[in-house]
K.L.:
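Structure incoming, see below.
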Amino acid sequence: MPMALAMLEEAYARRGAPPASSTLPTGDRTPVVGYVGADMPVELLTAAGLRALRLTGDPESGSARGDRYLGRGVDPTARSVLTRLLAGSFGDLDHLVISHDCEASLRLFYALRELRRVEPGTGLPEVYLVDILHLPHRTTARYNRRRIGEFAARLEAWTGRTLDLAGAVAAHDERRRLLVAAAELRRAVPARLTGRQFLAVANAVLPVAEHIALLERLLAEAGQLEEHAGRRVFLSGSDHDTPHVYEAVESEGYVIVGEDHGFGGPSPEGLIGSGGLDALAEHYHYSGPTAHRATVSERAAHAARAVRHCRAELFVAYSRIADEAPAWDFPAQRAALDIPAVLLERQEYGRADLTALRKEHPCAV
Amino acid sequence: MRSVKSLATAAEAGRHQREWFADLRRRVAAGEPFALLNADVPHEIFRTMDIPYAVSQWWASLVAAKQRSQHYLELVRQRGYPDYSEQYNSVTLGSAFDPEPEAGPWGGLPRPDIVVGDVTGDITRKVFDIWGHEPGVTFYPLESAAENEVPVNWWELMPHRWEQAIGPARLDLLTAELENLVRFLETTTGRRFSESRFREVMALVDEQEEWNRKTRDLIARTRPAPLGVVDSIPSVMLPQWHRGTEWARDIAKRFYEEVRDRVESGQAACPDERARLMWIGRGLWYDMGFYQRFQDEYGAVFVWSMYLAIAADGYIRYGDDPMRALAARFAAFGDQLYTPPWSSEWYVKEARLHGIDGVVHLVSDDPRGSYFTARALEAAGFPVIEIHADNVDARTFGDEVVERVGQWLENVVLA
Ligand code: SF4
Ligand code: SF4
């Protein structure tokens, strides 16, 4: 395996673990902020000089406390994240920031806020909601701009320093550009990256500058990447904060060449540019289209475009238990596609019902 | 097991509801526009413009009461959509797919021209958007925004200091969306929006809810309770769907007077009252008899449901700017019932006010903060039993529930 890919894999394996403490020459530790949500404006976290850690769950480790506080009607990823937060699995976090990318994230925010109020012994850090909304209207755009401004002010209050927004946006835009190029490697026929590998490439737990360096190296080493000739799958629906489902599906001989959830590549693929907070607000307003925030027709149109772009041969919609939005999207998606489509509904966290998949397509290659 | 509506206002509200619906069907058949609205959106605008409307949740509760939910969920399933997801809205969506709509309850729900819903959660927008794809139907969505820090005592702040309770960001957003909604309705229906009529409607709503507040306070302090929730729910809920009319204001007043007469003549839901129960969650529409099932054996009376209490505390908004006051009624409406700390502290306040002995908590798969409600009530000394079911989908309700509640009454509440 080319060096860069191995290093990205290694960094991905550190997801959800406490970050190596980064102590500055002055002896100060860089504050760490844990965040949740696909539409989090991470540029602002970087601009504030914070170490940003995206919080992920773990289907293997149980979620009793999260189940208790959130109830079983909430997406199990959020229940797992809460359980792990309360167990201290993410190490010392100075702040928590949550976006409103789906109902589960919002309920997680409310639970954290209330736990801090009524059970201070849980030792949770301050939690902040970044309420970016997604109706395609000017009223929503103005609201988002206000919330982005408030968040920027809050970060400055936390750190006592002025944000370096231009530098941060430039870095994240560069990462975005490189991730889009990496996604092209997977879209090649045959694919030069598996879905599982791409998940690691996109979600490697690294400071932005190091991530950029490894992505550049990965692209330089592209000639050494293996070819993956499996049946090409587009994976739609629920978020995958762990590789479990990718590994299960690809173990059947498929290769996942594209997805439309919050842990895939940049979506939209366009850059933010030099427009400051206005451009940042607009970018996140139109992030997606995700299962939780877009309409059925937006999702269907996007599926048709994405399947062509990825040259997928099979469309798999995955709807996790208590995350039902993808199941509502499916009928219109199927109607918009000219390839076979299968719905895996009410799936358990970290699992994929492979019998349903096999029934649809007896041979995978 | 009796489930008789023994209040005259409940009977009148039921009669009025049928007449109103028949009239609505006539108006729509004659070519007037028809709007289908979610419960938490500002009906007052439609009232002001005299655009006929019905409430999605009311229709779903009627369908459930007629044991017809399965029929509509089946129609949803036949289109390939999940029949296990957000049944409260999808039952109503099912009526849009009905090949024989007139076979539905009360002659069926007419086809709406406009559907308005707020985009709470991940599913509601999808359900209504799917509806918007039916020929001639437009979906007008409203945002569902959230706030970082809120003062806890919303029930004290809301009537006059709602700006402080909700915060300007959400109020600016919804006010702007409502101004746009008015323009949209003026354009598509040709009807006018009169500001003075709007002020009248807003005043009527506040008066109606003031009467409900007096009724709630009276029930809270009277022992034995003059009536249980089976009687109070129709007397408060049906008029709630007619907010902003004189009929609704007047029947809220008569409801108060009827309860007061009962108190004065010493009538009670259960004269031998030994336990006052609180019901948390939506109404169990397919089995309203459930609420009276524990009276004979245990003297346990459900004196509290959210319907009267939220009418008393959740709607009143005074102020000089009616559109912003209307936005304040709905910008955080659901938070009052479902988002801690607002919800949890309010239930405790209400349990204390009503002298509650035990709390039965209906937990549906609806992802809302129920742990913190139960926790706050227990921390305040109220025993809580949780039962798991969906309120319109009878398939989810098991027989063992009645038995469990009985045992809990015996072993915990009355022990
Ligand atoms: S079942 Fe048919 S369509 Fe599916 S992979 Fe096999 S040969 Fe191809
Ligand atoms: S137990 Fe209560 S409800 Fe039953 S008959 Fe006696 S007083 Fe009436």
Side-chain angles (χ1 to χ4, degrees), chain A residues 67-75 78 100 102-104 106-107 109-111 113-115 117-119 127-131 133-135 137-140 142-143 146-147 150 154 290-299 319 322-332 334-335 343 345-346, chain B residues 76 79-82 84-86 90 119-130 132-133 139 141-150 152 168-170 172-180 335 338-344 363-372 375-376 379 386 388:
Chain A
D67 294 354
R68 180 156 101 226
Y69 295 129
L70 287 169
R72 286 171 308 162
V74 173
D75 187 334
H100 191 169
C102 63
E103 181 68 5
L106 183 66
R107 297 314 318 182
F109 166 74
Y110 287 142
R113 183 176 77 180
E114 188 67 354
L115 280 169
R117 192 179 76 92
V118 299
E119 289 175 24
V127 53
Y128 188 86
L129 178 76
V130 186
D131 192 33
L133 304 178
H134 298 281
L135 286 182
H137 302 300
R138 181 161 181 267
T139 39
T140 298
R142 277 186 305 190
Y143 177 85
R146 175 185 202 143
R147 291 306 198 194
E150 288 171 358
R154 177 64 63 109
T290 67
H292 309 103
R293 289 294 169 263
T295 63
V296 162
S297 25
E298 284 162 355
R299 295 272 297 161
S319 178
D323 181 30
E324 295 147 4
W328 285 95
D329 286 332
F330 182 68
R334 180 171 50 193
L343 170 65
E345 57 186 332
R346 300 169 112 168
Chain B
V76 167
R79 297 270 178 131
Y81 300 117
Y84 52 83
S85 169
E86 199 159 313
S90 55
V119 297
T120 306
D122 302 333
I123 313 293
T124 309
R125 183 176 178 207
K126 296 209 189 271
V127 174
F128 285 117
D129 182 61
I130 289 165
H133 288 188
F139 170 43
L142 298 169
E143 282 289 10
S144 177
E147 189 54 81
N148 257 290
E149 286 129 14
V150 288
V152 170
R170 287 191 288 185
D172 287 352
L173 171 60
L174 185 52
T175 305
E177 289 183 299
L178 296 183
E179 296 286 2
N180 289 345
D335 290 351
Y338 298 113
T339 303
W342 280 15
S343 51
S344 45
V363 181
S364 56
D365 275 348
D366 194 295
R368 292 170 171 187
S370 58
Y371 166 81
F372 294 103
R375 184 199 179 284
E386 294 196 342
H388 293 260

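In what follows, every chain begins at residue 1, and chains take the letters A, B, ... in the order their sequences are listed. Computation of the quantities below employed the complete heavy-atom set of this structure, encompassing side-chain atoms and omitting hydrogens, waters and symmetry-equivalent molecules.
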K.L.:
Specify which of B:A176, B:A169, B:S144 makes the most heavy-atom pairs with chain A at under 4.5 Å.
P.N.:
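Looking at each of B:A176, B:A169, B:S144 in turn, B:A169 comes out on top.
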
K.L.:
I'd like to know if B:E149 and A:R154 make a salt bridge, using a cut-off of under 4.0 Å between side-chain N and carboxylate O.
P.N.:
yes

K.L.:
Kindly give the heavy-atom pair with the smallest separation between B:E143 and A:L133, and that separation in Å.
P.N.:
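Nearest heavy atoms, B:E143 then A:L133: OE2-CB, 3.3 Å.
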
K.L.:
List for me each residue that meets ring-ring contact (aromatic ring centres under 6.0 Å, His included) alongside B:F128, sequence neighbours excluded, and say none if there are none.
P.N.:
B:F139

K.L.:
Please classify the contact of B:E86 with chain A as side chain, backbone, both or neither, using a heavy-atom distance under 4.5 Å.
P.N.:
backbone

K.L.:
Do A:R117 and B:V152 pass the side-chain contact (heavy atoms from CB on, under 4.5 Å) test, and can you show the C-alpha distance, the side-chain angles, and the key distance before you say yes or no?
P.N.:
CA-CA 11 Å; A:R117 192 179 76 92; B:V152 170; 4.1 Å; yes

K.L.:
Taking side chain as everything from C-beta outward and backbone as N, CA, C, O, which of these in B:D129 sits under 4.5 Å from a heavy atom of chain A? Side chain, backbone, both or neither.
P.N.:
side chain

K.L.:
Output yes when a side-chain donor or acceptor of B:N148 lies under 3.5 Å from a complementary backbone atom of A:Y128, and no otherwise.
P.N.:
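Side chain of B:N148 to backbone of A:Y128: no pair is present.
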
K.L.:
When heavy-atom pairs shorter than 4.5 Å are enumerated against chain B, which of A:A322, A:S319, A:A291 gives the highest number?
P.N.:
A:A291

K.L.:
Is a side-chain N or O of A:D131 found less than 3.5 angstrom from the main chain of B:A145, in a donor-acceptor match?
P.N.:
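It does not hold such a pair.
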
K.L.:
Check step by step if side-chain contact (heavy atoms from CB on, under 4.5 Å) holds for B:K126 and A:D329.
P.N.:
CA-CA 8 Å; B:K126 296 209 189 271; A:D329 286 332; 2.8 Å; yes

K.L.:
Which residues pass the ring-ring contact (aromatic ring centres under 6.0 Å, His included) test with B:Y81, not counting sequence neighbours?
P.N.:
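For B:Y81, the residues satisfying ring-ring contact (aromatic ring centres under 6.0 Å, His included) (neighbours in sequence not counted) are A:W328.
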
K.L.:
Can you name the closest pair of heavy atoms from A:Y69 and B:F372 and give their distance?
P.N.:
O-CE1, 3.7 Å

K.L.:
Would you mind checking which part of A:H100 comes under 4.5 Å of any heavy atom in chain B, side chain (CB onward), backbone (N, CA, C, O), both or neither?
P.N.:
side chain

K.L.:
Taking every heavy-atom pair that is under 4.5 Å apart, which of B:V76, B:I123, B:V127 has the most such pairs with chain A?
P.N.:
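Most pairs with chain A among the choices: B:I123.
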
K.L.:
Checking A:Y143 against chain B: side chain, backbone, both or neither under 4.5 Å from a heavy atom?
P.N.:
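Just the side chain, heavy atoms under 4.5 Å.
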
K.L.:
May I ask you to say whether B:R375 pairs ionically with A:E114, meaning some side-chain N is under 4.0 Å from a carboxylate O?
P.N.:
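Between A:E114 and B:R375 there is no salt bridge, as every charged N stays at least 4.0 Å from the carboxylate O atoms.
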
K.L.:
Top residue by heavy-atom pair count (under 4.5 Å) with chain A, among B:P168, B:S90, B:A376, B:G132?
P.N.:
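Heavy-atom pairs under 4.5 Å are most numerous for B:P168.
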
K.L.:
Hey, what do you get for OH (A:Y110) to CH2 (B:W342), rounding to the nearest 0.5 Å?
P.N.:
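Those atoms lie 9.0 Å apart.
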
K.L.:
Against chain B, label A:L106 side chain, backbone, both or neither, depending on which of its atoms sit under 4.5 Å from a heavy atom there.
P.N.:
side chain

K.L.:
For B:S344, is it the side chain, the backbone, both, or neither that has a heavy atom closer than 4.5 Å to a heavy atom of chain A?
P.N.:
side chain

K.L.:
Using a cut-off of under 4.5 Å for heavy-atom pairs, which of A:R293, A:H134, A:H137 has the most such pairs with chain B?
P.N.:
A:R293

K.L.:
Is A:R147 close to chain B through its backbone or its side chain, or both, or neither, when contacts mean heavy atoms under 4.5 Å?
P.N.:
side chain

K.L.:
Looking at CG of B:L142 and OG1 of A:T140, how far apart are the two atoms once the value is rounded to the nearest 0.5 Å?
P.N.:
9.5 Å

K.L.:
In terms of side-chain geometry, is the basic nitrogen of B:D172 or A:R142 positioned less than 4.0 Å from the acidic oxygen of its partner?
P.N.:
no

K.L.:
Please classify the contact of A:R138 with chain B as side chain, backbone, both or neither, using a heavy-atom distance under 4.5 Å.
P.N.:
neither

K.L.:
Quick one: pull up CZ in A:R113 and CD in B:E147 and give me the separation to the nearest 0.5 Å.
P.N.:
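Taking CZ in A:R113 and CD in B:E147, the distance rounds to 8.5 Å.
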
K.L.:
Identify which part of A:A294 has an atom lying under 4.5 Å from any heavy atom of chain B, answering side chain, backbone, both or neither.
P.N.:
backbone

K.L.:
side-chain contact (heavy atoms from CB on, under 4.5 Å), that's the test. Do A:L135 and B:R125 meet it? Break it down for me.
P.N.:
CA-CA 10 Å; A:L135 286 182; B:R125 183 176 178 207; 3.5 Å; yes

K.L.:
Is chain B contacted by the side chain of A:R68, its backbone, both, or neither, given a heavy-atom distance below 4.5 Å?
P.N.:
both

K.L.:
Please determine, among B:P341, B:G80, B:A379, the option with the most heavy-atom pairs under 4.5 Å with chain A.
P.N.:
B:P341

K.L.:
Need one label for B:L174: side chain, backbone, both or neither, based on atoms under 4.5 Å from any heavy atom in chain A.
P.N.:
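Neither part.
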
K.L.:
Kindly give the heavy-atom pair with the smallest separation between A:R107 and B:P340, and that separation in Å.
P.N.:
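It is NH2-CD, 4.2 Å.
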
